[in-house]
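Have a look at the structure below, then the notes.
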There are 2 protein chains.
Amino acid sequence: MNDMHADDSTGSPRRIKSIQTASAILEAIQYLESPTFTDICNEVEISKGTVHTYLETLENEGFIAKSGKKYQLGVRLVTMGESVRNQTDIYRAGQDEVETLAEKTGEWVHLTVEYQGQEVTLYESSGDRAIAMDYHLRMRESPQYLYHTAAGKAMLACFDRERVREIIDQQGFVQRTEKTITDLETLFDELEQIQAQGYAVNDEEEVRGMRSVGTAITGPDATVCGAISVTAPTSRLSGDYFESEIPELVMEAANIIEVNLETAGVQKPR
Amino acid sequence: MNDMHADDSTGSPRRIKSIQTASAILEAIQYLESPTFTDICNEVEISKGTVHTYLETLENEGFIAKSGKKYQLGVRLVTMGESVRNQTDIYRAGQDEVETLAEKTGEWVHLTVEYQGQEVTLYESSGDRAIAMDYHLRMRESPQYLYHTAAGKAMLACFDRERVREIIDQQGFVQRTEKTITDLETLFDELEQIQAQGYAVNDEEEVRGMRSVGTAITGPDATVCGAISVTAPTSRLSGDYFESEIPELVMEAANIIEVNLETAGVQKPR
DNA sequence: ACGGGAGTTTGGTATATACAAACCTATATG
DNA sequence: CATATAGGTTTGTATATACCAAACTCCCGT
């Protein structure tokens with residue numbers, strides 16, 4: 001008695017359609033930066049009147065805010081986002097270590113997690129030599145493809161290969177630079193290597209002139225729960241520094257975070 | 001229990017009920033920290049089956065995440081929250097100045113905005129002497145009452161007194177310490193004083209042993225768009241330092257942010 | 001094995017939703 | 001100045017859908 005009205009996606013659990021619609025509208029607003037009413041109508045395929053009602057409601061609930069004629073996501077989401085971070089174990093366990101690593105290296109350090117096949121930045125810290133702010137802004141705002149970054153690849157390397165295949169099947173390969181990985185075979189080869197050496201590198205695969213080194217963080221239950229990475233311009237991140245010193249530091253940091261997670265888990269197992 | 005067409009304020013706009021319900025569920029999850037299914041059912045007065053459908057949908061959309069039997073807000077909210085901040089003028093215009101001020105003073109510095117009569121922290125930075133981390137965690141996560149904090153009072157002082165009255169009418173006075181303001185008259189008197197001297201202080205009114213100094217930030221259109229404050233233990237924040245040096249620094253920072261806002265507005269007037 | 005609490009699925013129905021089209025309201029256009 | 005046009009809001013209404021209750025499954029403790 002499974003399929004009655006063979007509908008979309010997995011199985012047929014009931015869903016609240018209005019929430020899906022609201023979600024689409026929020027996504028449109030986030031994507032379009034500061035869209036006007038009609039911008040939103042054009043993005044989502046819903047009648048004007050309906051969109052209007054949704055916007056009214058979302059604004060009333062604090063999910064969006066209207067300033068002048070433009071819509072934006074609302075500050076309530078800042079509060080909620082903060083709440084998520086503080087409840088996420090890896091954030092609490094890793095925040096200090098990210099800062100320490102940023103100070104040691106002087107570069108950008110990111111603490112990320114995987115979410116629905118993409119990479120989300122939970123926390124970041126910049127050392128005193130860190131550059132390319134714009135890029136990092138974008139990175140914080142929107143999820144990234146896992147195969148684009150060192151931290152992402154480090155997490156992929158821990159996943160079941162079947163799962164990796166599913167993620168890629170779903171997303172396809174998006175080429176960002178001439179060095180971006182664009183086929184499964186290359187990716188799988190690299191994942192093997194990452195597993196062997198314990199860390200991943202990103203050699204101008206996402207942004208030209210930028211390299212990074214990342215490694216996965218595993219929780220007490222032995223599953224990956226995130227990754228940490230150092231990012232810097234190729235000019236500074238090269239030679240022995242790139243190939244052994246930084247990887248060493250990154251792995252050390254990951255290790256400390258893992259220990260923190262372990263002890264945190266002991267403190268409140270429930 | 002509720003009146004049928006409970007339309008607040010303007011006219012009777014249509015609303016999507018499902019979004020309101022979803023919002024209530026999200027709020028419950030945030031409030032209850034890591035509730036189980038039944039916890040949520042008890043918090044919101046909706047039948048089990050319905051709650052189930054909502055949770056399925058919200059999880060599917062990334063607004064919440066289930067780990068084991070517990071529900072939490074989902075990482076999508078982190079991304080969205082970050083996006084809000086980066087699109088908020090005062091955040092972009094003030095971030096650097098907050099950090100500078102934190103370095104200069106060595107204490108906690110907060111950049112906040114008003115939202116529905118409450119105070120939301122957009123950004124914060126801690127100097128090297130900053131303490132009482134727990135308190136600041138809470139502060140970031142949940143909105144605060146404006147009359148509890150220096151930054152909040154600084155904003156209130158810029159509001160129309162009628163608006164202040166409305167906000168208080170709605171919220172009532174919640175006493176946190178023996179120094180908390182608990183009546184309108186005292187509040188209004190203080191607001192006058194704040195307007196006169198250009199900054200507000202919080203003398204252990206929210207947390208015992210903690211003082212702060214804050215001032216409002218006005219945008220190019222001459223409306224308040226936020227506030228900045230310095231917070232430190234009473235032992236360090238006293239005498240001339242408390243009464244003139246720090247206020248001086250805070251007002252200077254606010255001024256710089258206002259200039260940034262001005263020029264930012266000129267750059268892209270759209 | 002049994003009871004019961006926790007969570008999930010299902011049927012039916014009241015109603016909330018979403019469309020279309022009418023309706024305003026500014027801003028351009030002739 | 002009149003008119004056109006796009007941007008935004010409101011309303012009537014058929015129908016999709018959200019909601020409850022109750023049946024059901026699963027899991028845990030005894």
Side-chain angles (χ1 to χ4, degrees), chain A residues 1-26 28-29 32-61 63-72 269-270, chain B residues 1-26 28-29 32-61 63-72 269-270:
Chain A
M1 55 176 94
N2 262 344
D3 36 26
M4 44 195 314
H5 289 306
D7 39 64
D8 51 301
S9 62
T10 50
S12 60
R14 283 190 197 184
R15 297 273 152 85
I16 306 292
K17 204 184 135 203
S18 305
I19 293 180
Q20 298 177 321
T21 309
S23 172
I25 289 176
L26 289 173
I29 293 175
L32 298 169
E33 301 271 304
S34 287
T36 168
F37 176 78
T38 0
D39 293 341
I40 299 168
C41 288
N42 293 340
E43 185 72 15
V44 300
E45 291 294 313
I46 308 168
S47 78
K48 285 201 299 176
T50 305
V51 171
H52 181 76
T53 312
Y54 272 89
L55 292 175
E56 284 278 312
T57 312
L58 288 169
E59 184 180 5
N60 194 248
E61 296 296 325
F63 292 117
I64 64 176
K66 180 162 47 168
S67 67
K69 292 188 164 306
K70 313 274 192 171
Y71 285 90
Q72 288 194 343
R270 211 132 312 258
Chain B
M1 305 174 174
N2 285 343
D3 26 1
M4 290 298 291
H5 295 294
D7 52 312
D8 35 1
S9 61
T10 53
S12 59
R14 285 191 195 183
R15 297 276 151 85
I16 304 293
K17 204 185 135 204
S18 305
I19 293 180
Q20 299 177 319
T21 309
S23 173
I25 290 176
L26 288 173
I29 293 175
L32 297 169
E33 301 270 306
S34 288
T36 167
F37 175 79
T38 355
D39 293 341
I40 298 168
C41 288
N42 293 340
E43 186 71 14
V44 299
E45 290 294 313
I46 308 168
S47 78
K48 286 199 301 177
T50 304
V51 171
H52 181 75
T53 313
Y54 271 90
L55 293 175
E56 284 277 313
T57 312
L58 288 170
E59 184 179 7
N60 193 248
E61 296 296 325
F63 291 116
I64 63 174
K66 180 162 48 170
S67 67
K69 293 189 163 304
K70 311 277 192 170
Y71 286 90
Q72 288 195 342
R270 190 49 56 99

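Below, read A as the first sequence line, B as the second, and so on, with proteins coming before strands; counting in each chain starts at 1.
- Distance, R15(B) CZ to dT11(D) P: 14 Å, rounded to whole Å.
- OP1 and OP2 of dA18(D) both lie 4.0 Å or more from every side-chain N or O belonging to T50(B).
- The interatomic distance linking R14(B) (CZ) with dT10(D) (C1') rounds to 7 Å, in whole Å.
- An OP1 or OP2 oxygen of dG8(D) is reached within less than 4.0 angstrom by a side-chain nitrogen or oxygen of T36(A).
- Here dT10(D) presents its P atom at 13 Å from CG of L55(A), a figure rounded to the nearest Å.
- Atom pair I40(B):CD1 and dT8(C):P shows a separation of 11 Å (rounding to whole Å applied).
- A close approach under 4.0 Å does occur between a side-chain nitrogen or oxygen of Y54(B) and OP1 or OP2 of dC19(D).
- Here S47(A) reaches the OP1 or OP2 of dC19(C): one of its side-chain N or O atoms lies under 4.0 Å away.
- Straight-line distance from the NZ atom of K70(B) to the C1' atom of dA6(C): 13 Å, rounded to whole Å.
- The minimum heavy-atom distance linking R14(A) with T57(B) is given by the pair O-OG1, 4.3 Å.
- Two residues are said to be in side-chain contact when any heavy atoms from C-beta on lie closer than 4.5 Å; I29(B) and L55(B) meet this criterion.
- At dT8(C), one or more side-chain N or O atoms of H52(B) fall inside 4.0 Å of OP1 or OP2 (strictly under the cut-off).
- Taking the nucleotide of DNA chain D with the nearest heavy atom to each of K48(B) and I19(A), the more 5' of the two is matched to I19(A).
- Nucleotide dA26(C) holds its P atom 16 Å from the CZ atom of F37(A), rounded to whole Å.
- Taking the side chain of K17(B) as heavy atoms from C-beta on, and the options dC19(C), dC19(D), dG7(C), the nearest nucleotide is dC19(D).
- Straight-line distance from the CD atom of Q20(A) to the P atom of dA16(D): 17 Å, rounded to whole Å.
- Looking at H52(A) and K48(A), their side chains never come closer than 4.5 Å, going by heavy atoms from C-beta outward.
- The two residues L58(A) and I25(A) make their nearest non-hydrogen contact at CD1-CG2, 4.0 Å.
- Nucleotide dG8(D) holds its P atom 13 Å from the CD atom of E56(A), rounded to whole Å.
- DNA chain D is contacted by both K69(A) and I16(A); K69(A) maps to the nucleotide lying nearer its 5′ end (nearest heavy atom per residue).
- Closest of all the heavy-atom pairs between I16(A) and Y54(B) is CD1-CE1, 3.8 Å.
- Between T38(B) and dG7(C) there is a side-chain N or O to OP1 or OP2 distance below 4.0 Å.
- Contact annotation for S18(B): backbone-only contact, meaning every heavy-atom pair under 4.0 Å involves sugar-phosphate atoms and none involves a base.
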